[in-house]
Amino acid sequence: MAHWLFKSEPDTFGIDDLAAQPHQTDHWDGVRNYQARNFMRDRMSVGDLGFFYHSNTKEPGIVGIVEIAREAYADHTAFDPEDPHYDPKSDPDNPRWFMVDVKLVRKLDRTITLAELKERAADLGDLPLVRKGNRLSIMPVSDEQWEYILSLE
DNA sequence: GCCAACGTTGGC
DNA sequence: GCCAACGTTGGC
């Protein structure tokens, strides 16, 4: 089973928004980065676990755990001219962008902040999150990194 | 609000 | 194919 990290801005879609969905499940739409797309499309399986990370907020950090509930399928928001993530180059017959469904497993007892993860960057090896200038919105987390980060909770 | 880092676009 | 210009991300 693989592990992942999903970034989202809580002002747009935070963990409490996911918690409010039916079955605490929603699709992860709006990814418009090829590397992040490829992780979803090619490597995510139902049952994989991921961290839910709040970005672009007062205290950025990991706030919860989600589970992949559906494998990648076409991101329909790319087909909607009214949608902020509209991409005319994505064709319904040959979609460019994909999304998975994620289900909330639980919220963490506390936020594991980016600041403390950065303090421990030496222990987190190649985790893109703690590297300068990183903008990747979906990234793989190794088993070791996963356990280590959870142990901080 | 600022701005560094990054990915994408498009002219050549 | 190169690379400057541009738009976006996201920490601070």
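In what follows, every chain begins at residue 1, and chains take the letters A, B, ... in the order their sequences are listed. Bear in mind the structure is a predicted one, so any value in this text is a computation, not a measurement.
Note on residues 93-117 of chain A: pairs passing ring-ring contact (aromatic ring centres under 6.0 Å, His included), not counting sequence neighbours, are A:Tyr34-A:Trp97.
Every residue was checked against the side-chain hydrogen bond (donor to acceptor under 3.5 Å, both in side chains) condition with A:Asp29, not counting sequence neighbours, and none meets it. Applying the side-chain hydrogen bond (donor to acceptor under 3.5 Å, both in side chains) rule to A:Arg106 yields the partners A:Glu153; only residues at least two apart in sequence or on another chain are considered. Scanning for ring pair (Phe, Tyr, Trp, His ring centres under 6.0 Å) contacts around A:His76 gives A:His27, with sequence neighbours left out.
Phosphate proximity of B:dA4 to A:Lys132: absent, as no side-chain N or O sits under 4.0 Å from OP1 or OP2.
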Check: When every nucleotide of nucleotides 6-12 of chain C is labelled 5' to 3' by its protein contacts under 4.0 Å (heavy atoms), B for base, S for sugar-phosphate only, - for none, what sequence of letters results?
Finding: -BBBBBS
Check: residues 51-59 of chain A side-chain donor-acceptor pairs under 3.5 Å, at least two apart:
{"residue": "A:His54", "atom": "NE2", "partner": "A:Ile15", "partner atom": "N", "Å": "3.0"}
{"residue": "A:Asn56", "atom": "ND2", "partner": "A:Glu9", "partner atom": "OE2", "Å": "3.3"}

